[in-house]
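Below is one structure, written out as structure tokens; the observations come after it.
Chain letters run A, B, ... following the sequence lines, proteins first and then strands; every chain starts at 1.
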Amino acid sequence: MESFLKGLNTAQKAAVTSKASILQVLAPPGSGKTKTLTSRVAYLLAHRGFSPQNVICCTFTIKAAREMRERLRGLVGGDLESKLMLGTFHSICRRYLVTYGHLIGIPNNFGIADSDDSLGIIKRLQKQLKFGMDPRAARNKISHRKARGQTIEKVNKTVSKTAEAQEFADIFRRYEDALATSNLLDYDDLLLRCVELLQRYPACVSNIEALLIDEFQDTNNVQFELMKLLASAKKRITVVGDPDQSIYGFRSAEIENLKRMQEYYPGTVVINLEENYRSSSAVLHLAQDVIEQDTERPSKRLKSTHCYGTLPVLRRLHNPHEEAAWIVSEIKRMTKLTGGCIERSDIAILLRSAFLSLLLEKALANAGIPYKMVGGRRFFDRVEVRIILDYLRTISHPDNSSALLSIINTPARKIGDATVAELNRAAEAAKMSLWTIVQQAVKGEAKLEKKLTKPAEQGLKELVTLIKRGQAKLKVFEPAQAPGQLIELVAKELHFLEYLKKQYQEDWEERWENVKELSLQARDVTLESLTAEDQLPEVDGVKQAKIQGAQEVLSRFLANVALSTEIESGEEGEAKSRITISTIHSAKGLEWPVVFVPAVYEGSIPHSRAEDTNEERRLLYVAMTRAKALLYMTLPVMQSRSESESILSQFLSSGIEHRLKDAGPIFDDKVVQDIATILGRLAPSQESLAKGVTMLEENESQYDDIWPLDGSPRAPSLTTVMEFPFSMLQQGQSLNDAMKSKTNFQQSAKYSTFPNSGFTTASHQMSSTSPHIEPVQIQQKLKSAASASSGQGSIATFFNNGTSKQQIEKENLPLPLPSKGPHVTTIHSGKPQPRIPTELSTHRPGLSTVHNPATTAKRPRPVLEETAESNKRAYACFSSSPIKETCNDTMVQHAMLDCIPEPPKYNTTMSSLQQHRSNTGPSSYKSGMLNTLSKPAALTTLSAMSVISGPVTKKTLGVRRSMNGWADRKNK
DNA sequence: CGTAAATGCCTTTTT
DNA sequence: GGCATTTACG
């Protein structure tokens with residue numbers, strides 16, 4: 001049997017070897033979609049004798065394209081895979097337009113307008129025309145129109161009725177004009193113009209023997225047309241998709257395209273893949289229940305191939321800060337308690353909105369957990385990189401006003417808003433490009449209403465000189481090296497290094513590294529794009545445009561950049577121990593053993609601005625089905641900003657309670673064993689499990705019992721006064737003044753139980769601290785840490801650095817009693833609960849060193865014997881919804897164990913359930929006033945802390961330097 | 001008067 | 001990080 005048929009199930013094999021010329025493979029999550037698609041490519045090459053250069057394979061993301069190429073490399077021999085036309089729709093279209101665009105009047109040195117450019121153009125138009133429409137909305141609307149094939153010609157023909165529609169048509173028209181005068185194509189144009197090309201010159205694709213499309217449910221109408229055209233010669237198409245995972249409606253994707261395709265090609269063969277090889281059936285059941293809330297959806301079965309596993313968790317936390325802190329602590333807990341079975345690279349946090357990463361990044365940084373970001377801002381979008389690229393873009397296409405505008409005063413050269421506005425006005429009036437006007441202005445020839453200020457004129461002169469020098473150099477540079485050399489030229493002329501140092505004192509080094517990385521990239525990309533990548537096979541009778549000269553090379557380099565995504569950060573060694581943060585959208589197609597989905601509240605998911613609730617539900621479905629073994633969803637019951645409450649996402653609030661539990665799992669042998677089985681890994685030894693327990697720090701627990709389950713606050717609200725380090729006050733300074741110095745002590749206090757947390761940006765200074773610190777020094781440090789905006793400072797850090805015992809004792813005051821009457825929150829809010837049964841406390845770290853960890857550390861031993869009975873009773877008593885499906889004994893037992901119902905909220909007395917818990921389960925809260933009155937954990941455990949703080953601090957430092965994220969890059 | 005630096009608000013998802 | 005507004009500076 002062929003190697004690429006090995007390990008395929010019947011349905012997959014049928015799909016791979018199907019003789020059908022039009023084939024649809026419907027592949028739900030985890031059903032081996034990519035495997036099937038790549039195997040089919042290999043099959044087509046090996047058994048049908050197709051040449052790779054005559055096969056097109058379309059994906060939606062560059063990551064997916066890259067992954068497919070990787071996988072194919074292993075499947076097909078030699079360098080066949082490199083000749084394959086494999087890429088995103090946009091990049092394939094770009095290739096055709098570069099090669100054949102001249103046939104329909106597109107110069108082959110066109111630039112590509114990314115969404116920032118598009119937005120910039122529209123913003124300028126809005127300002128000029130004084131229209132009120134939101135620029136983003138306008139851009140989306142334009143894109144939407146274009147994605148449905150509505151060109152400007154059609155818009156021009158229809159007469160707009162309302163003033164609003166007229167305004168829009170006007171903006172649309174001018175936007176298109178702006179693109180044309182700047183010689184730019186936007187993302188939609190790439191597809192649209194390629195359709196136009198292929199309609200008029202079908203010969204360009206006369207060589208194509210087979211077309212394959214991944215994630216077909218995400219295609220829009222233009223892409224549907226493109227499919228027909230690209231395959232027009234032989235009409236052999238394979239598409240793979242899943243309507244349930246359609247999450248790009250906002251980008252005009254049409255789920256209907258699957259049906260349309262069947263109608264358009266009557267002989268279409270459909271193959272369903274139904275077996276899920278990814279997730280535990282607990283995860284799968286939940287996902288299935290959620291997706292089935294959509295009643296319009298044709299019902300579809302998904303068979304699980306894994307054991308039941310652990311119930312997914314829906315965890316309530318008080319606010320987003322605690323949510324982030326809880327996720328961090330849960331990550332630490334699981335990595336330790338699974339005895340090495342789960343490591344950090346197995347964990348992903350998937351977000352509805354990118355900005356949600358902010359708090360998480362801070363919390364992770366504080367805990368010294370390295371992470372990597374997927375999606376979000378690309379390498380090429382980082383400010384420092386963007387600046388250089390915009391210079392290159394200006395040199396390459398000076399009439400591209402958006403690029404020129406973004407660098408006209410960067411670095412600052414005294415050209416302010418007023419000057420720019422005047423130049424723009426003049427350009428508009430003269431119907432000339434901004435660049436033309438700028439050149440005239442420098443020579444004093446421009447017709448300006450207001451004369452330029454002297455400094456502005458000087459600044460403009462410098463700019464013009466630089467751009468012209470770049471253009472001149474372009475004529476003498478070796479074409480292949482032009483981009484790289486230009487980058488160096490620009491960086492040198494701008495004194496860019498000095499600029500970065502001045503502008504970004506905190507992290508200029510990293511930014512400078514990025515610039516160097518860019519110039520490195522420039523060489524690689526250029527060579528690559530000059531060779532195989534871009535070359536379309538010669539087709540009889542159609543003239544190809546040839547690359548000549550440095551201009552074209554530069555222009556292609558910039559086009560490649562516009563269509564590229566982040567390159568993997570090549571920092572070996574570290575990469576494997578990082579957790580992943582990603583948007584749900586860019587997590588599609590990927591999988592992790594452990595997945596967290598924060599912020600599952602109304603307004604976040606479904607998003608408040610979403611038009612299609614079903615699409616939002618599918619988004620959650622996609623997120624959930626990324627998880628192999630453990631799935632966590634979290635909900636901050638309060639919003640941090642306003643004091644408003646948040647409401648659990650409608651997708652999780654009805655009829656699925658029995659699929660969820662409200663606390664993280666107890667990592668007993670059974671749970672760990674199941675995880676190992678699902679992941680196909682060796683179960684960890686008892687020794688490594690026991691060792692994991694000893695790795696817990698003083699303030700950590702074996703159980704998810706540190707934060708209250710009902711989302712009440714973890715710490716008493718009035719901790720500020722008590723926990724503020726009085727000793728840090730300078731003489732004569734009032735507490736209020738100190739508070740004003742911007743450190744958020746309320747926040748710090750909440751986190752002060754993490755002994756190894758540190759200041760994110762002031763870490764360098766902190767680490768070099770000598771053991772003895774005078775209060776004044778501390779105050780200064782406090783300030784510097786506070787002024788670094790990303791610092792989620794922790795007072796504990798000061799203690800780590802050797803604050804005197806005296807200071808600690810001043811701190812060590814009893815916590816105030818909550819002022820409100822008896823309330824569940826008061827029961828739970830006591831921070832310093834003994835979280836581990838007392839008999840285990842001697843085995844906690846710091847103290848346990850005298851013991852042999854492997855023999856003395858206790859883990860949650862009894863799986864069922866002791867607790868199952870009581871839990872079963874609890875289940876029977878409190879659960880409103882019985883378990884639906886029939887399942888085997890193990891499943892029942894596990895479901896029961898997992899299904900401890902939520903405690904009744906806001907009860908004035910302790911419920912019987914809570915009593916039940918405190919008596920039986922280790923995950924229960926030790927209730928009552930006793931804890932509220934006892935000492936704060938962070939302080940009682942201080943002696944142990946000093947033992948562990950040294951190495952921890954060191955470790956986090958090393959990690960932190962290499963951490964890069966979407967947020968926290970603006971600390972000047 | 002114009003520019004630059006500081007502050008306070010907000011943030012859907014991607015090629 | 002973006003954007004609008006305020007404040008300081010020359």
By nearest atom, which of the nucleotides [options] is closest to the [X] side chain?
{"X": "A:Thr88", "options": "B:dA5, B:dT15, B:dT3", "result": "B:dT15"}
{"X": "A:Val383", "options": "B:dT3, B:dA4, C:dG1", "result": "C:dG1"}
{"X": "A:Arg251", "options": "B:dT14, B:dT13, B:dG2", "result": "B:dT14"}
{"X": "A:Arg511", "options": "C:dG1, B:dA4, B:dG2", "result": "C:dG1"}
{"X": "A:Thr583", "options": "B:dA4, B:dT3, B:dT14", "result": "B:dT14"}
{"X": "A:Tyr248", "options": "B:dT3, B:dA5, B:dT14", "result": "B:dT14"}
{"X": "A:Leu358", "options": "B:dT13, B:dG2, B:dT11", "result": "B:dT11"}
{"X": "A:Ser115", "options": "B:dA4, B:dT15, B:dT11", "result": "B:dT15"}
{"X": "A:Lys414", "options": "B:dA4, B:dA5, B:dG2", "result": "B:dA4"}

To the nearest Å, how far apart are [X] [atom1] and [N] [atom2]?
{"X": "A:Asn140", "N": "B:dT15", "atom1": "CG", "atom2": "C1'", "answer": "13 Å"}
{"X": "A:Arg136", "N": "B:dC10", "atom1": "CZ", "atom2": "C1'", "answer": "10 Å"}
{"X": "A:Arg139", "N": "C:dG2", "atom1": "CZ", "atom2": "P", "answer": "14 Å"}
{"X": "A:Glu215", "N": "B:dT14", "atom1": "CD", "atom2": "P", "answer": "14 Å"}
{"X": "A:Gln503", "N": "B:dA4", "atom1": "CD", "atom2": "P", "answer": "11 Å"}
{"X": "A:Leu351", "N": "B:dT14", "atom1": "CG", "atom2": "C1'", "answer": "15 Å"}
{"X": "A:Asp218", "N": "B:dT14", "atom1": "CG", "atom2": "P", "answer": "12 Å"}
{"X": "A:Arg618", "N": "B:dT13", "atom1": "CZ", "atom2": "C1'", "answer": "13 Å"}

Classify [X] by what it touches in the nucleic acid, base, sugar-phosphate, or nothing, heavy-atom distance under 4.0 Å.
{"X": "A:Thr61", "value": "sugar-phosphate"}
{"X": "A:Phe60", "value": "sugar-phosphate"}
{"X": "A:Ser91", "value": "nothing"}
{"X": "A:Asn220", "value": "nothing"}

Does either side chain, that of [X] or that of [Y], offer a donor lying less than 3.5 Å from an acceptor on the other one?
{"X": "A:Arg617", "Y": "A:Asn614", "answer": "yes"}
{"X": "A:Glu602", "Y": "A:Gln650", "answer": "yes"}
{"X": "A:Asp116", "Y": "A:Ser118", "answer": "no"}

Open item on the list: With a cut-off of less than 4.0 Å, is there a side-chain N or O of A:Ser586 near OP1 or OP2 of B:dT14?
Closed with: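 For A:Ser586, the contact criterion (side-chain N or O under 4.0 Å from OP1 or OP2 of B:dT14) is met.
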Open item on the list: When you measure from the side-chain N and O atoms of A:Thr453 to the phosphate of B:dC1, is any distance below 4.0 Å, counting only OP1 and OP2?
Closed with: no
Task: DNA chain B: 5'-proximal contact among A:His90 and A:Arg609 (nearest heavy atom) - done: A:Arg609
Open item on the list: Quick check: on DNA chain B, is the nucleotide nearest A:Ala456 upstream (toward 5') of the one nearest A:Ala610, or the reverse? Name the residue that is more 5'.
Closed with: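 The residue whose closest nucleotide sits nearer the 5' end is A:Ala456.
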Open item on the list: Would you say the ring centers of A:His585 and A:Tyr248 fall short of 6.0 Å from each other?
Closed with: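 Yes; A:Tyr248 has its ring centre under 6.0 Å from that of A:His585.
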TODO: Would you check if the distance from the ring center of A:Tyr175 to the ring center of A:Phe172 is below 6.0 Å?
DONE: no
Open item on the list: With the criterion set at under 5.5 Å between ring centres and under 30 degrees between planes, would B:dT13 be stacked on A:Phe250?
Closed with: yes
Open item on the list: So for atom NZ, which belongs to A:Lys414, do other residues, nucleotides or ligands contribute more than 12 heavy atoms lying within a distance under 6.0 Å?
Closed with: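 Atom NZ in A:Lys414 is not packed in, count stays at 12 or less.
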